[in-house]
Structures are given as structure tokens and as C-alpha cells.
Amino acid sequence: MKTAVVTDTASYLTPAQIKKYNITVLPITVILGNNQYKETEELTDEKFYDYLRNEPELPTTAQVSMGQIQEAYDRLVEEGYDTIISIHLSLGITSFMDNLRMFVKSYDKAKVYPFDSMAASAAEADLVMLAGSLAQKNVAPETIMTKLEELRDSTDIYFAVNDLKHLSRTGRLSNRSAIIGSLLDVKPLLTFKDGKIFAIGKERTMHRAFRVISLEIQKYAEEHPDWKLHITVVDSNNREMLTKWSTDFQDNFPEARVSTSHLGPAISVHTGEKTMGVVWDKDFEDED
């Protein structure tokens with residue numbers, strides 16, 4: 001049995017990670033006016049954020065098509081894979097997983113295991129890298145799926161946006177609390193719950209948002225004293241704050257492994273620019 005791992009660009013894996021864990025990544029399409037771009041392949045962050053700041057027509061996205069999925073799966077079958085674990089963006093913010101589950105019922109060239117990350121970005125990436133690591137060790141796919149569920153259950157996500165206008169416009173905010181972002185200089189604080197995005201509070205500054213998140217991570221660490229902690233700091237074109245937050249988290253949690261990641265266009269369409277997020281979970285590298 002030979003197992004492949006497939007994901008989408010919302011995981012924002014680096015080229016080095018894709019190579020290390022042997023991951024097949026399918027691009028989400030970002031639509032800027034009359035032009036369509038495959039994320040990471042055809043659209044730079046610079047071009048996207050320039051459009052977001054200066055064009056009146058707001059960008060949108062199109063999910064990975066089943067045609068793209070079939071092409072990728074067929075190619076993997078030709079390469080000798082008979083099992084595919086396909087990990088994707090949360091069903092709570094896109095219908096893709098429902099479409100995929102319907103598709104794989106009739107796909108008979110390989111055994112496909114669809115897996116809902118119930119998140120995006122670094123939380124999705126951790127799941128993908130865990131699956132890739134275990135697949136390289138020839139771990140049975142059923143065992144990999146169990147490990148993925150355990151990691152997903154261990155994951156918490158908080159993120160702060162400059163305002164809620166993008167999430168409100170695209171319909172990705174589940175509790176419709178856009179009013180908390182209408183106050184001057186408020187940074188809405190959000191989380192994923194059951195794969196959906198919920199506003200949970202508001203902070204006056206990103207520094208105060210950092211403090212709230214740090215307290216949540218501290219509680220998490222105290223509740224799981226035997227776990228090695230993995231913290232990933234994520235930004236949406238906010239590199240200076242990314243550096244500061246990652247340094248501060250490493251100082252605050254010296255035993256943890258601290259990583260960084262970025263939000264690209266497909267997610268920043270919904271969050272806007274200057275978003276800061278943090279993902280923390282049981283370190284998947286500790287599976288070794």
C-alpha cells in the first residue's frame with residue numbers, strides 16, 4: 001500500500017515543507033475583477049494586496065474544482081499510489097468538502113480518505129504535515145486518520161483582524177457580530193468553533209490581543225502538562241508584527257516549538273490585510 005497526501009493552497013505550506021512531506025497541493029482560484037489567478041502559482045501577495053487597497057471591486061475566490069481533483073488523483077494513481085488522504089479547508093467556510101465526499105463515492109481508481117481540517121492556514125498545514133510524515137513511514141491509512149482526528153481535536157486558533165468588513169461581506173462570520181468591528185480602533189478577536197468562524201471579543205490594540213491569546217495558551221499548557229506544545233504565528237502582510245509575536249511567544253513559552261506562517265490571497269480575501277493569528281496544538285513532530 002502506497003499512500004499519497006493531497007491538500008489545497010489554504011494550508012500555505014512552504015516549498016520546503018511540500019518537498020519534505022511529499023504533498024500534492026491544489027490551487028484555490030482568486031478572482032480580481034475580470035481576471036482569475038491560481039493562488040501561489042500565478043498571484044503574488046504584492047499584487048493581491050495592491051488590488052485590495054486600491055480597487056473598488058472586492059476580490060472573490062473559487063474553490064478547487066472536482067476536475068482538478070480528478071486530474072491530481074489520476075496522476076497519483078499513475079505514479080503507483082493506491083491510497084489518497086485528502087485534507088482540505090473547513091466545511092464550515094466552503095462547500096468543497098461536501099463536493100469532495102460526493103466525488104470520491106464514485107472514484108474507484110484509488111481508496112480516498114477525505115479529511116475536513118475544520119480550519120485553514122497553519123492548523124490545516126499541521127494536519128497535512130502529520131499525514132505526510134506518517135505516510136512516508138508506511139503507517140496504515142486508518143491509523144493516519146485517527147492521528148489526524150487527535151491532532152485536530154488538540155488544536156486551538158485565535159486571530160485578530162483590523163475590522164470585520166471582509167468577513168461580514170463574504171458571509172464567513174457565523175455569529176454575525178460585525179458591529180463589534182465598527183468601533184474606532186477595535187481589533188475583533190475571532191476563533192474557529194466546529195469549523196466555523198466566530199467573533200469572541202474585541203481588543204483596542206494588537207498588543208492586547210497578543211496578551212489575551214498568551215493567557216489562553218498558558219491555560220492550554222497547564223491543562224496538558226505532558227504535551228509538547230507547537231505554536232504557529234500567522235500574519236496577513238504584517239511581517240514586522242509576525243517577527244515580534246513569534247519572538248515574544250518563544251520567550252513566554254521556552255519549551256514550545258514556535259513556527260511562523262502567512263495568510264495568502266485566498267484567505268486574506270475574507271480576513272483583510274494586517275490580520276494576526278495564532279494556532280497552537282500538540283506538536284505533531286512529537287509523534288516521532
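What you see is a predicted model, and the numbers here were worked out from it, not measured in a lab. Starting from 1, each residue takes its place in the sequence as its number.
- When all heavy atoms of Ser154 and Lys282 are compared, the pair lying nearest together is OG-N, 3.2 Å.
- By the 6.0 Å and 45° rule, Lys111 stacks over the aromatic ring of Tyr113.
- Atom NZ of Lys2 has more than 12 neighbouring heavy atoms from other residues, nucleotides or ligands inside a 6.0 Å radius.
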- [ ] Test side chain to side chain donor-acceptor pair (under 3.5 Å) on His230 and Asp126 and set out the steps.
- [x] CA-CA 10 Å; His230 180 211; Asp126 281 357; 3.3 Å; yes
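- With no hydrogens or angles considered, no side-chain donor-acceptor pair links Thr29 and Glu39 at under 3.5 Å.
- With sequence neighbours left out, Lys47 forms a side chain to side chain donor-acceptor pair (under 3.5 Å) with Tyr37.
- Heavy-atom neighbours of Glu41 CD from other residues, nucleotides or ligands within 6.0 Å: above the threshold of 12.
- Ring orientation note: the planes of His207 and Phe210 are close to parallel, at an angle under 30° on the 30°/60° scale.
- Side-chain contact check for Thr275 versus Asn238: every heavy-atom pair is 4.5 Å or farther apart.
- For CD of Glu240, the number of neighbouring non-hydrogen atoms (other residues, nucleotides, ligands) closer than 6.0 Å is 12 at most.
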Open item on the list: Set out, in order, the CA-CA distance, both residues' side-chain angles and the distance that settles side chain to side chain donor-acceptor pair (under 3.5 Å) for Asp74 and Tyr107, then state yes or no.
Closed with: CA-CA 10 Å; Asp74 287 351; Tyr107 188 80; 2.7 Å; yes
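- Remark: of the listed residues Thr94, Asp116, Asp8, Asp8 is the sole one forming a side-chain hydrogen bond (donor to acceptor under 3.5 Å, both in side chains) with His88.
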Task: Derivation of the side chain to side chain donor-acceptor pair (under 3.5 Å) call for Ser236 and Ser268 - done: CA-CA 7 Å; Ser236 176; Ser268 296; 2.9 Å; yes
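- No side-chain heavy atom of Leu91 sits less than 4.5 Å from a side-chain heavy atom of Met118.
- Taking the ring centroids of Trp280 and Phe253, they lie at or beyond the 6.0 Å cut-off.
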Open item on the list: Walk me through whether Lys219 and Glu216 qualify under salt bridge (charged side-chain N to carboxylate O under 4.0 Å, His left out).
Closed with: CA-CA 5 Å; Lys219 287 192 291 186; Glu216 290 297 320; 3.2 Å; yes
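- Other residues, nucleotides and ligands contribute more than 12 heavy atoms inside 6.0 Å of the NZ atom of Lys274.
- Looking at heavy atoms from C-beta onward, Asp98 lies in side-chain contact with Arg101 at the 4.5 angstrom threshold.
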Task: Worked check of side chain to side chain donor-acceptor pair (under 3.5 Å) between Asn252 and Asp248 - done: CA-CA 6 Å; Asn252 291 352; Asp248 290 348; over 6 Å; no
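- Atom CZ of Arg211 has 12 or fewer heavy atoms from other residues, nucleotides or ligands within 6.0 Å.
- Taking the ring centre of Phe284 as origin, the terminal cationic atom of Arg257 falls inside the region bounded by 6.0 Å and 45° from the ring axis.
- Between Tyr12 and His262, the distance from one ring center to the other does not fall under 6.0 angstrom.
- Residues Phe192 and Phe198 keep their aromatic ring centres 6.0 Å or farther apart.
- With salt bridges taken as basic N to acidic carboxylate O contacts below 4.0 Å, one links Asp283 and Lys228.
- With respect to Glu273 and Arg53, a salt bridge is recorded, a charged nitrogen being found less than 4.0 Å from a carboxylate O.
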